[in-house]
Amino acid sequence: GHVTGVQTCALPILGAEIINDPTGLTYEPDLVKAVVEHDAGLIINHMRGKPETWTKLGPMKDPLGTISTELGAAMHRAVLAGVDKKRIVVDPGLGFGKRKEQNAEILALLGRLSGLTLPILVGPSRKHFVAKESEDQTEFATAAAVTAAVFGGAHLVRVHDVVAMKAVVEVADQIVVVADEVEREIAEKKADKRKSKPAPDSASQDEKPEGFAPFKRRTTTEVVKEEQ
């Protein structure tokens, strides 16, 4: 059968199985009550400002940090209102009040939204930041953005041309699977190497165990990025 979905930030809602709020629950707070009453799925889309003010908005200093925080807050409001967290999907809102270069940054750093522990939906299809001179060129640009979304960890992509983009997603998924397998194999080999290597009796500041400094740098960098 088919799933009935509706994109809205207004009430009432009749017969919807999935409700996609483009405002991130900022326009109509009671929308979550409708989600609970209909036992519907909820897509929380991040939007900055209102459509009539988008052209006047300045750049975001930390797009992914802001988006993650605000989507997390909206998710908590929905859960407190009775929405099952398992029925919530988040969308970073490409094009919804973001400048062209910021949409690229969102795709590049999409993995930072994984901290929300929710499925991620991305809708880059034919948005202004992928618009080109012809329709064909725009579709190719959309395909590039869809691929980036898959590489970044998107669980769902919303597109206009489902058949064409399904082929794009299938290839991107195959690449991700292989990349994961390679990374896992490398990690296992490194672990085996560490196990087989005898531990030094002592390590002075001048003679650190191999890999000590790089590991410390990676850990620090990861923590800083999460705090930004």
Side-chain angles (χ1 to χ4, degrees), residues 3-54 57-99 102-124 127 148-158 219-228:
V3 176
T4 302
V6 59
Q7 176 169 296
T8 184
C9 58
L11 297 173
I13 297 169
L14 301 174
E17 296 175 76
I18 299 174
I19 297 174
N20 177 19
D21 181 5
T23 73
L25 303 179
T26 60
Y27 183 82
E28 178 52 79
D30 289 338
L31 193 66
V32 290
K33 295 180 180 179
V35 174
V36 174
E37 291 174 1
H38 290 271
D39 195 24
L42 174 63
I43 300 174
I44 303 175
N45 179 88
H46 182 272
M47 186 171 79
R48 186 167 174 247
K50 296 181 179 180
E52 58 269 23
T53 66
W54 287 349
L57 294 174
M60 301 171 69
K61 293 183 179 180
D62 179 16
L64 264 296
T66 300
I67 292 170
S68 180
T69 298
E70 294 181 358
L71 285 177
M75 179 269 291
H76 285 301
R77 291 197 300 273
V79 171
L80 288 174
V83 179
D84 186 344
K85 186 178 178 181
K86 295 179 181 179
R87 302 182 72 84
I88 299 176
V89 172
V90 291
D91 182 342
L94 294 177
F96 283 76
K98 288 86 172 178
R99 291 191 173 187
Q102 291 172 335
N103 291 293
E105 182 177 350
I106 291 168
L107 286 172
L109 302 177
L110 188 65
R112 287 182 60 184
L113 294 182
S114 63
L116 296 173
T117 63
L118 290 169
I120 301 169
L121 180 149
V122 178
K127 293 288 177 68
V150 174
F151 287 173
H155 300 83
L156 305 98
V157 289
R158 185 170 53 226
T219 302
T220 302
T221 301
E222 291 173 1
V223 171
V224 170
K225 284 185 177 180
E226 289 296 328
E227 290 177 349
Q228 288 178 346

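Note that the structure is predicted; figures quoted are calculated from it, not measured.
- Here the straight-line distance linking atom OG1 of Thr23 with atom CZ of Phe96 works out to 10.0 Å at 0.5 Å rounding.
- For the residue pair Ala74 and Ile44, the shortest heavy atom distance occurs at CB-CG2, 3.8 Å.
- Here the closest non-hydrogen pair linking Gly82 and Val36 is C-CG2, 3.6 Å.
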Please determine whether side chain to side chain contact (heavy atoms under 4.5 Å, CB included) holds for the pair Ile88 and Val79, giving the CA-CA distance in whole Å, both sets of side-chain angles, and the decisive distance to 0.1 Å.
CA-CA 9 Å; Ile88 299 176; Val79 171; 4.0 Å; yes
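- A distance of 9.0 Å separates CG of Leu118 from NE2 of His155, quoted to the nearest 0.5 Å.
- At distances below 3.5 Å, at least one donor-acceptor pair connects side-chain atoms of Arg87 with backbone N or O atoms of Ala40.
- Closest approach of Leu25 and Ala78 over heavy atoms only: CD1-CB, 4.0 Å.
- Contact annotation: the side chain of Val32 never approaches that of Leu80 to less than 4.5 Å [non-hydrogen atoms, C-beta and beyond].
- Atom-to-atom distance recorded for Leu31:CG and Asp21:CG is 5.0 Å, nearest 0.5 angstrom.
- Atom NZ in Lys98 sits 9.0 Å away from atom CE in Met47 (nearest 0.5 Å).
- Here the closest non-hydrogen pair linking Gly72 and Leu116 is CA-CD2, 3.7 Å.
- Here the side chain of Asp91 pairs no donor or acceptor atom with the backbone of Asn45 at under 3.5 angstrom.
- Although no hydrogens or angles enter the test, the distance criterion places a donor-acceptor pair under 3.5 Å between the side chain of Asn103 and the main chain of Arg99.
- Minimum heavy-atom separation, Ile106 to Pro63: CG1-CB, 4.4 Å.
- Interatomic distance, Ile67 CD1 to His46 NE2, rounded to the nearest 0.5 Å: 5.5 Å.
- Heavy-atom neighbours of Lys33 NZ from other residues, nucleotides or ligands within 6.0 Å: at or below the threshold of 12.
- The distance from the CG atom of Leu121 to the CD1 atom of Ile43 is 5.5 Å, given to the nearest 0.5 Å.
- Between Leu156 and Pro119, the closest heavy-atom pair is CD1-CB, 4.4 Å.
- Using modelled atom types, no side-chain atom of Arg158 and backbone atom of Gly123 make a donor-acceptor pair closer than 3.5 Å.
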